[in-house]
Amino acid sequence: MTIEGRVVLITGAAGGIGRVLCKMFSELGDRVAGIDVVEPLKIHGTAITLQADVTNSEQIEHSIEKVIQTLGPIDVLINNAGAADDTPFEKLTHESWDHDVQLVLRGNYLTQRYIIPHMVKQGKGGSIVNIGSVNGHTYLGSPAYSAAKAGLENLTKALAVRYGPLGIRVNVCAPGTVWSPAWDERVKKHPDINERMKRWYPVGRLGTPEDVSRAVIFLADSKNSFITGTTLYVDGGLLAGNPCLIEDIYSENNDFSI
Ligand SMILES: NC(=O)c1ccc[n+]([C@@H]2O[C@H](COP(=O)([O-])OP(=O)(O)OC[C@H]3O[C@@H](n4cnc5c(N)ncnc54)[C@H](O)[C@@H]3O)[C@@H](O)[C@H]2O)c1
């Protein structure tokens, strides 16, 4: 499948998933704009990179104008910037709560608030993929981040309903654990965390940025025009059931020999 020539804007482009998204969309022939708060921004596959904070209204409005001036109207928006605070609820500071909620909800709101009017004006529709998380569906730690990712699912539905008649589709791609720099701090504390987490995943492994990017490409593809307002979980079966619980209760039944 080759889809050529769309303008695709990706936030959090310098991160583990963001870099692979940029590479894979560019390999399809798309012109990719990457936004991230960090510098320097050397990101393979991007036609333009901009340093901006997704929670900063002026920076985002300016960056979006710059992308449109340079590459043309934006066809696809991937809201990928995000980060989670692991602090338990009773130890959260108001600042760390605000940080996660602002980054996930305000950050996603702002890009969509500025880009959707452009898509409407162009009259060609468009596709938005918001990167959610399994944390938005069930509690798995990081209370502020999880609450915000749950809110993002509802914002996605609101925009899908509102702009569906204009051909603008809005979906969530919600990964389970994906091996990326987001895990660096946790690995420092628990070097065996990868092995321990794998036990919770029915497919027996953690996710990769490529797993997520393939699903995002599917959702962004205008051929899938009947898919909007929904969440595609890319989670190796994590939300389907609990293999560790089953092992504890029924270990004698877990022999696969027939
Ligand atoms: N890695 C996982 O296990 C996992 C699981 C579920 C969901 N996700 C989601 O996937 C997305 C990407 O995560 P990742 O694993 O690649 O993390 P990452 O830490 O590797 O990348 C995140 C990127 O977002 C950027 N960013 C942070 N704050 C920003 C801001 N204010 N403005 C602009 N950019 C900002 C960072 O600089 C970084 O480059 C996030 O939305 C995350 O919540 C990740």
Side-chain angles (χ1 to χ4, degrees), residues 11-12 14-18 36-38 52-57 59-60 79-113 130-159 172-203 205-209 212 231-249:
T11 70
I17 296 173
D36 203 291
V37 75
V38 298
D53 178 344
V54 291
T55 67
N56 182 308
S57 169
Q59 289 181 19
I60 287 306
N79 273 317
N80 168 67
D85 187 320
D86 291 347
T87 313
F89 185 76
E90 65 282 1
K91 292 191 178 144
L92 272 179
T93 62
H94 303 333
E95 289 72 26
S96 64
W97 170 272
D98 287 345
H99 174 268
D100 281 15
V101 172
Q102 291 263 334
L103 178 52
V104 173
L105 280 179
R106 182 177 164 85
N108 278 264
Y109 155 73
L110 282 177
T111 50
Q112 295 176 99
R113 183 68 184 83
N130 293 320
I131 304 298
S133 169
V134 287
N135 289 55
H137 180 86
T138 194
Y139 184 63
L140 297 161
S142 306
Y145 169 83
S146 303
K149 290 284 190 185
L152 180 59
E153 297 214 11
N154 201 279
L155 176 63
T156 299
K157 288 177 187 165
L159 299 179
V172 172
C173 176
T177 304
V178 176
W179 214 233
S180 82
W183 284 87
D184 287 353
E185 287 303 312
R186 296 175 190 135
V187 174
K188 272 188 215 155
K189 282 189 211 151
H190 305 286
D192 63 339
I193 197 166
N194 184 324
E195 283 307 308
R196 281 164 46 189
M197 277 192 301
K198 276 186 341 195
R199 298 182 301 121
W200 294 84
Y201 283 84
V203 299
R205 69 171 176 90
L206 303 183
T208 64
V212 178
T231 297
L232 175 55
Y233 290 100
V234 182
D235 71 348
L238 179 74
L239 296 178
N242 188 328
C244 294
L245 181 75
I246 294 164
E247 176 68 24
D248 279 356
I249 301 172

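Basis for what follows: all heavy atoms, side chains included, without hydrogens, waters or symmetry-related copies.
- The distance from atom CG of Leu238 to atom OG1 of Thr138, rounded to the nearest 0.5 Å, is 8.5 Å.
- Under a cut-off of 6.0 angstrom, the local environment of CZ in Phe89 is sparse, with at most 12 non-hydrogen atoms contributed by other residues, nucleotides or ligands.
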Notebook entry, point to check: Could you go step by step and tell me if Glu153 and Thr231 meet the side-chain hydrogen bond (donor to acceptor under 3.5 Å, both in side chains) rule?
Noted result: CA-CA 7 Å; Glu153 297 214 11; Thr231 297; 3.0 Å; yes
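- Heavy atoms only, all atoms of each residue included: Thr11 and Asn80 are closest at OG1-N, 2.8 Å.
- A distance of 7.5 Å separates CG of Asn56 from CD1 of Ile60, quoted to the nearest 0.5 Å.
- Annotation: the span from Tyr201 atom OH to Thr177 atom OG1 amounts to 2.5 Å, rounded to 0.5 Å.
- Note that the CD1 atom of Ile17 and the OG1 atom of Thr208 stand 9.0 Å from one another [nearest 0.5 Å].
- Not one N or O on the side chain of Asp85 forms a donor-acceptor pair closer than 3.5 Å with the backbone of Trp97.
- In this structure, the side chain of Tyr233 does not engage the main chain of His137 through any donor-acceptor pair within 3.5 Å.
- When every heavy atom of Ala150 is checked against every heavy atom of Gly136, the shortest pair comes out as CB-O, 3.4 Å.
- Minimum interatomic distance between Asp36 and Val38 (heavy atoms only, all atoms of both residues): OD1-N, 3.1 Å.
- The side-chain heavy atoms of Leu206 and Lys198, taken from C-beta on, include a pair separated by under 4.5 Å.
- Between the side chain of Asp86 and the main chain of Ser142, no donor-acceptor pair closer than 3.5 Å is present.
- Under the 4.5 Å side-chain criterion, counting only non-hydrogen atoms from C-beta, Leu140 is not in contact with Ser146.
- Between Met197 and Trp179, some side-chain heavy-atom pair lies under the 4.5 Å cut-off.
- Under a 3.5 Å cut-off, the side chain of Asp53 and the backbone N or O of Val37 do not form any donor-acceptor pair.
- Annotation for Asp100 and Ala148: closest pair O-CB, 4.1 Å, computed over non-hydrogen atoms.
- Of all heavy-atom pairs spanning Pro175 and Gly132, the tightest one is CD-O, 3.3 Å.
- More than 12 heavy atoms of other residues, nucleotides or ligands lie within 6.0 Å of CZ in Arg106, so this atom counts as buried by the packing criterion.
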Next item on the list: Evaluate side-chain contact (heavy atoms from CB on, under 4.5 Å) for Gln112 paired with Leu110, printing each intermediate quantity in order.
Entry: CA-CA 5 Å; Gln112 295 176 99; Leu110 282 177; over 6 Å; no
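- Contact of the Trp183 side chain with the Asn194 side chain is not registered, since no non-hydrogen atoms from C-beta on lie closer than 4.5 Å.
- With values rounded to the nearest 0.5 angstrom, Lys149 atom NZ is found 15.0 Å from Asn154 atom CG.
- Closest of all the heavy-atom pairs between Arg186 and Ala182 is NH1-O, 4.1 Å.
- From Leu152, atom CG reaches atom OH of Tyr145 across 10.0 Å, with rounding to the nearest 0.5 Å.
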